[in-house]
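Naming: A, B, ... by sequence-line order, numbering from 1 per chain.
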Amino acid sequence: MAAEVKPIANTLHTPSEEHEELREQLMFDPRPREELNRMVLDSMTHTTPRYWTAVGVLTVLVLTLLLGMWGYLIFTGIGISGERRPNYWGIFIVTFVFWIGISHAGTFVSAILRVFKAEFRRPFTRAAELMTTFGLAAGALWPLIHLGRVWVFYWMIPYPNARWLWPNFRSPLVWDLLAITTYLLSSTIYLFLPLLPDLAMARDRTTGWRHAIYRALALGWRGTEAEWARLRKAISIFAFAIIPVMFSVHTIVSWDFAMGMVGGWNSTIFGPYFIIGAILSGVSAVITILVVLRATLKNMTYFIRPEHIDALGKLVLVFSMAWAYFFFNDYLVQWYGGHDVVRALLSFHASGPDAWIWYCMLLFNIVIPWLTLWNKKLRRTPWVMLVVTLLINVGMYFERYTIIPLTLGHQRMPFDWGEYSPRFPEISLALGSLCLFMLLYLLASRLIPMVPVWEVREGQEAHLVRKVGKTVVPTVSELD
Amino acid sequence: MSDTISRRNFLKLTGLGAAGAALTGCGKAARYVTRRPYYDMPEYGALGESTYFATTCGECPAGCGLIMRTFEGRAIKAEGNPQHPVNMGKLCSRGLVGVQGLYNPDRIKGPGRRAQRGHDQVTALDWNAALDVVKQALGGGQKVAFFLGLSPDHIADLTAELAQAIGAPAPVRYGALGMFDGRAGLAEACRQVFGEARLPYFDLAGADLVISFGANFLETWLSPVAYTRGYSQFRRSAATGKRRGYFISLEARRSLTSGVADEWYPVAPGSEGLAALALGRLLAERGWALPLDASAVDVDAAAQAAGMTRAQLEHLADLASQAAHPLFIPGGNALAHAGGLAAARSILALNLAAGALGQPGGLYLSPAAADSSSLRDVQALVDRMRTGQVETLFIHGVNPVFELPPALGFTEALSNVKQVISFASFPDETALQSDYLLPDHTPLESWGYQRTLAGADRPVYSAQQPVVVPLYDTRSSADVLLSAGLLPYSDEVDFIQKKIAPLITQGGNVQATEIATFWARFLQSGGWWPVQAALAAPSAPAGLEAAAPQAAAAPEGQFHLVTYPTQMGDGRGANRPWLQETPNPSTTVVWNTWVEINPATADALGLKNDDIVKVKSSAGEVEAAVYRFPAIRPDTVAIPFGQGHTALGRWAEGRGANPALLLAPALNEAGDLAFGDTLVTLTPTGRRRPLAKLESTAGVYGEH
Amino acid sequence: MARRIIHLALFKEDQVDETAEALEALRGMGIVDRDISVISGTPFSEKMLGRPMTWTRVPIIAIAGAVVGFLVAAFLNFGTPLLYPIRVGGMALQTIPTSFVIFFELTMLGLLISTFIGVFVESISPSYGPAGYDPRISDGQIGVLFWAPPELDPKLHETLTGLGAEIIHGTETKKLWLF
Amino acid sequence: MAEQIKEQVNERWGMVIDMNLCTGCNACVTACAMENNIPWVGEDDAGYGRGIYWMRIQRYWEGEYPETTPSYQPVMCQQCGHAPCEPVCPVFATVHSEEEQINLQVYNRCIGTRYCANNCPYFARSFNWFDYSYQIPEPLNYYLNPNVTVRRRGVMEKCTFCVQRIHAGQEQAKAQGRAVRDGEVVPACAQACPADAIIFGDLSDPNSRVSQAARSQRSYTLLEALGTEPKVIYLKGEGTYGG
């Protein structure tokens with residue numbers, strides 16, 4: 001170790017005055033592992049009446065808006081929704097695509113940023129991965145809710161019926177089933193694997209039921225070299241393998257549409273267009289959640305800092321631009337070479353009775369991010385980011401709404417055009433699934449360490465400052 | 001039984017149905033013993049086998065032949081009788097939905113006495129007590145009156161004999177469809193032009209040019225299935241050199257019939273006769289020998305009154321004079337005016353001048369004697385009722401409280417009738433105003449015949465027989481009337497057999513040596529008719545009076561009203577859910593009433609689709625939602641007939657509006673209602689009620 | 001074989017260099033790498049501590065799972081249509097373009113699930129190195145577990161405490177998992 | 001397997017609709033409903049586009065007043081040879097029938113994804129949004145055709161070319177040891193059509209009435225460019241006098 005490179009910031013003593021501004025960054029504001037552990041455990045066990053009120057209200061809402069309404073839907077029929085000929089797909093599928101889109105964030109943040117060693121990811125990979133899992137859980141409900149006969153949903157599962165008839169493996173819906181199952185399983189595992197050391201940490205510091213749970217989940221983790229090596233190997237397999245799975249999931253979701261003989265859907269660019277949209281909405285949702293976590297969960301102001309929201313904000317800006325590129329690409333090609341049907345459809349989107357949805361989509365996905373996110377100050381202001389990212393997600397919801405019911409209602413036979421308007425049961429179910437997501441997240445925030453302590457600590461170990469000339473610059477060393 | 005049927009229950013149910021059929025066949029009414037053989041046919045009891053019965057459709061007077069598919073004692077599906085000369089295996093919506101009348105849950109299920117007219121409360125009656133009431137009532141002699149519908153004919157024949165036997169006035173036969181057909185005017189015009197008061201039959205199949213003056217012959221006019229068949233032949237080009245027929249329609253509103261016309265001229269309502277006369281003059285100039293003197297007609301003025309140009313009339317005249325077999329059809333819309341009879345005469349005269357009487361592609365006189373009454377007869381009945389000259393009124397096959405314009409005063413006059421006996425199968429508006437409900441079987445459960453067939457190219461006795469055992473405690477009205485013992489027939493079947501007995505010796509499609517065999521074959525083949533087409537050729541008349549009907553333009557702020565029947569027929573279709581759900585061909589509206597307004601007029605009035613508008617005439621007012629109809633004269637509005645029931649069961653009641661409320665009781669020379677002369681005003685109400693329709697307004701009209 | 005006593009030397013989080021030196025010293029005392037095990041709260045690579053590379057079967061299991069997934073996909077895509085042939089949309093019974101989707105998804109599913117199974121099975125399998133644990137490990141401390149003959153005790157003490165370690169003799173693993 | 005399938009192909013049912021003859025009267029719509037146990041949905045649902053119509057008459061307008069001309073086009077399932085609805089169904093509820101060369105809907109296998117309906121460019125499919133059939137009050141359900149499944153809620157349905165009639169005809173012919181005669185099998189719509197505008201028969205028999213009509217110079221299929229190979233062939237209307 002060369003003498004001039006001294007891990008100044010890594011000493012557990014207060015850094016000198018000249019490095020004070022570096023302490024704004026989590027990696028240069030190290031605390032002893034013991035303290036980090038305590039902070040995280042504190043955040044898990046600390047509950048307030050406000051928390052329990054929220055849990056109670058959300059439970060009631062999930063029971064009524066989601067489960068109650070779903071039961072009513074099952075016992076009366078899909079007719080209580082606003083679907084009709086020709087809008088056979090409505091809010092059900094819109095919300096499905098929305099949640100699947102949201103679920104891309106975890107993988108994106110956790111896997112892609114991990115592969116590319118983006119250091120700012122460290123404190124919030126877990127929060128993002130949880131979003132993936134719960135987003136998928138909320139999303140996977142929708143194909144079931146949507147079914148006309150949900151009580152026989154298992155006929156889609158690959159196993160033969162009494163006459164040795166298997167499902168149709170040429171149907172994009174079966175692809176959907178396979179892809180979402182794969183993604184749900186692998187993202188859950190991917191959430192679980194890096195959790196092992198943290199679970200062991202929690203196991204060592206809790207008693208009672210919590211201890212029992214963590215002991216069972218930690219799989220006897222001790223932190224031996226073999227365990228670390230295995231974990232590193234598994235995580236790297238996952239990080240590389242789950243990225244194509246993630247791309248495949250939203251590509252296949254887009255194929256539900258692109259494979260169809262529907263004007264405006266039959267587009268080769270739908271795959272990447274949907275992926276970019278999904279990542280845009282997912283990363284935005286990560287920001288939303290981080291802002292909320294920072295404000296509500298104990299000790300999170302230490303772990304989640306403006307620098308993280310700033311970094312994610314830059315990503316959102318990039319993906320907003322990419323989304324605009326794909327949107328324009330799709331639009332121009334359809335408009336230029338499209339049939340009359342498609343042209344009529346595009347003008348219907350922009351000038352029909354529901355055109356406000358189309359304009360809101362452009363406003364929220366392009367105009368607002370481009371106007372705000374270039375500014376570092378705004379990117380570091382949590383409430384601004386909260387508003388912007390929520391709007392982006394509303395915009396992305398509108399995008400799916402435009403693509404699904406508004407496109408279906410305007411097809412090749414003008415005699416059979418139809419205007420779709422969602423009815424209360426659909427809206428209730430959609431809100432119910434949002435409540436379910438929030439409820440799961442609230443409960444999880446008190447059950448599993450929201451911050452991967454060992455990763456944060458690992459990062460802090462790896463970050464150093466180096467004196468170059470008359471100033472010090474941050475550096476990061478490769479530890480693995 | 002619950003409303004939902006599991007597969008197992010369904011099987012059980014069918015088993016029960018079969019058992020029920022056998023039981024009813026031998027027990028319920030002794031008379032049915034005589035037709036046990038039909039129900040005991042071996043295949044009838046065999047599960048999984050269909051049995052087919054030939055019968056006659058009772059949904060309108062056209063009398064199409066049906067082959068009813070039955071399955072284990074239930075009527076399943078109406079199919080056309082391929083041999084029947086009227087429909088040749090084809091059917092319209094109304095006939096197809098007949099089973100929804102048979103199995104309608106709102107039927108009157110047994111005889112009853114109404115505590116108070118207009119109230120729902122009915123005390124069940126024993127049939128014996130009911131028969132006593134009828135017997136007593138028939139003793140009333142000339143104070144008895146019969147009001148019958150246009151079908152079935154055997155009831156009309158029987159009632160006519162009965163009326164004669166007891167010294168009562170002849171039965172009145174009338175119905176809204178007859179009104180829309182302009183039957184009285186047609187028959188009267190035929191009498192004046194050809195000397196016989198019969199309905200004309202136009203052989204579309206052989207024609208190469210058809211000019212229709214407001215005839216909706218593809219919808220309800222006289223015999224729509226027969227005319228549609230003829231139209232189909234007319235439109236075909238064949239390798240033999242037959243060219244596709246050319247069809248021109250003159251009508252204020254582009255109806256379904258006018259819709260398929262090659263040329264449509266939206267003439268002003270009431271100007272059809274004038275246009276015909278002007279066309280006659282132009283044709284006379286082209287060498288046609290017109291039986292009336294049209295030289296006085298000012299072609300330009302006539303064209304202007306009709307809303308046409310002289311060039312257009314010249315064009316029509318050119319086409320007609322070049323055509324080999326032109327036909328000129330006087331429809332109900334042309335006849336329903338003050339000058340309707342003159343119009344009918346002028347139009348028939350064109351046919352006569354074309355020289356195709358009694359030839360293929362020409363005009364025949366159907367054997368259908370004009371035995372339906374005119375509205376004048378109805379008015380006379382109403383007058384007698386009002387002045388207390390009617391003690392007992394028997395009503396069968398017609399719903400006058402709904403079908404007749406209320407302005408005629410029928411409902412008010414009813415209150416002066418001591419007892420009203422309704423044979424209605426359904427709780428319609430008239431049944432609601434009756435004292436006794438003696439429900440007849442529905443047509444599919446009944447015996448009978450229909451012989452007044454305006455759509456056949458030969459005389460026909462179309463046979464009606466039960467295809468299922470009567471579902472409820474209903475009884476044939478013929479039997480009820482015969483039970484008084486005033487006529488020498490033991491029962492309905494005996495009466496029908498005696499009526500058709502003369503046919504045994506006349507040859508035709510069924511032949512036998514004695515009545516039992518003939519009867520069996522008559523029923524099996526669906527009726528009797530000659531093998532060859534045979535209709536009377538009309539005779540050429542002497543000089544006719546060429547009265548030019550006057551057509552008045554609608555005054556400022558008022559509109560002509562066109563009322564037209566839809567698949568609801570005379571309104572009895574309104575309780576058939578599938579007739580309600582079958583889209584109206586022109587507007588695709590289902591389940592309701594609309595007002596057709598030209599978009600330009602609607603814009604001037606500030607009316608959008610689905611705005612509720614109040615339509616007011618001198619006789620009354622109705623409210624209905626606007627349908628901006630692009631093919632109607634701007635000075636005309638149209639309202640379909642058949643909805644607006646205040647009774648008739650769950651699917652009909654409280655749905656839409658009845659345009660009969662708007663019709664003033666103005667009769668023309670022939671005794672037809674001049675409903676085409678009705679003028680209305682429109683007042684937006686500011687309310688909206690979206691019409692249920694199949695089409696997308698945005699897609700078809702570009703309006704959101 | 002008599003039960004050997006397991007020693008645990010605990011170092012503070014930032015004493016990585018000292019840990020490496022301690023390991024060196026232990027080896028110098030004749031304790032072989034097989035008898036030493038390092039446990040830590042944050043991952044340190046073997047190279048940092050001068051330890052032999054560990055070996056894991058996870059990649060092999062993962063690849064095996066991928067192969068199974070691929071074969072299942074082949075059966076689903078090309079086998080099942082033959083069991084009950086139904087034509088749809090004018091397509092062939094066995095379609096190649098759509099098969100890529102099935103192949104990809106099921107291969108990935110096999111790969112990822114078996115990776116997890118690998119981790120799971122290896123985790124709950126008994127390990128051969130010296131067992132032992134201290135909760136302070138998850139506070140970031142570095143533990144060196146080793147078996148040593150009793151005669152080395154004094155020397156060990158001197159060396160390791162000199163490097164700043166805290167020594168626990170006869171450490172035992174508490175019940176860390178279900179059994 | 002392939003040989004086995006090939007042996008089964010002997011008929012190719014098809015339909016020709018002559019737009020020259022169609023009057024737009026909707027009798028076919030009603031006939032279809034009565035034959036195939038199609039429930040009605042009532043005013044509210046019908047107005048909201050939930051009406052169940054296996055066939056419907058599309059009515060467009062051409063021209064400006066006073067030349068406004070309606071054009072009627074009966075549209076039902078076109079029984080595509082390359083049906084876009086088929087491959088997207090995850091459970092093989094809509095399949096191509098090798099025996100009749102038509103497109104079948106297996107109601108009991110349908111789970112109600114409604115994907116097929118989206119993918120049908122002709123909008124020929126109708127969905128049972130509620131238990132319409134099971135809400136028919138006694139005794140109105142007596143007329144339900146025992147040869148046609150009564151569909152419950154949550155399944156898709158569509159025109160089958162009255163496959164129950166095709167089978168009845170085939171069985172009768174088989175029992176009598178002969179081939180199905182031309183015109184022996186007619187679906188309810190063609191049977192009712194008062195204008196005889198609908199011709200039905202076996203397109204694989206070059207002498208059948210339907211084959212002869214299909215060879216007309218006036219023939220076209222709906223949305224031909226999509227390559228769905230419909231079995232319903234329309235004959236363009238003859239617009240001009242003597243044309």
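For the atom pair OH of D:Y48 and CZ of A:R423, the computed distance is 5.0 Å after rounding to the nearest 0.5 Å. D:R153 CZ to A:T76 OG1: the interatomic distance, rounded to the nearest 0.5 Å, is 7.0 Å. Atom CG of A:N161 is separated from atom CZ of D:R109 by 7.0 Å, given to the nearest 0.5 angstrom. Of the inter-residue distances, the one linking D:N108 atom CG with A:W155 atom CH2 reads 7.0 Å to the nearest 0.5 angstrom. For the atom pair D:Y122 OH and A:M413 CE, the distance stands at 7.0 Å (nearest 0.5 Å). The distance from atom OG of D:S126 to atom CZ of A:R85, rounded to the nearest 0.5 Å, is 5.0 Å.
For D:Q58 and A:D416, the side-chain atoms include at least one donor-acceptor pair closer than 3.5 Å.
Using a 4.5 Å cut-off between heavy atoms, A:D176 makes no contact with chain D at all. With a threshold of 4.5 angstrom between heavy atoms, A:I80 approaches chain D through its backbone and through its side chain. If you measure heavy-atom distances from A:F257 to chain D, the contacts under 4.5 Å come from the backbone alone. Contact of A:P143 with chain D is not made at all, since no heavy-atom distance falls under 4.5 Å. Using a 4.5 Å cut-off between heavy atoms, A:W265 contacts chain D through its side chain alone, with no backbone atom that close. Residue A:F169: no heavy atom, backbone or side chain, is found under 4.5 Å from chain D.
Ranked by non-hydrogen atom pairs under 4.5 Å with chain A, the options D:V88, D:V75, D:I111, D:V41 are led by D:I111. Contact tally against chain A (heavy-atom pairs below 4.5 Å) for D:V91, D:T113, D:N118, D:L226: the top residue is D:N118. Chosen from D:R125, D:Q73, D:R56, the residue pairing most often with chain A at heavy-atom distances under 4.5 Å is D:R56.
Ring geometry for D:Y115 versus A:W89: interplanar angle of 30 to 60°, hence tilted.
Here the side chain of D:D131 pairs no donor or acceptor atom with the backbone of A:G77 at under 3.5 angstrom.
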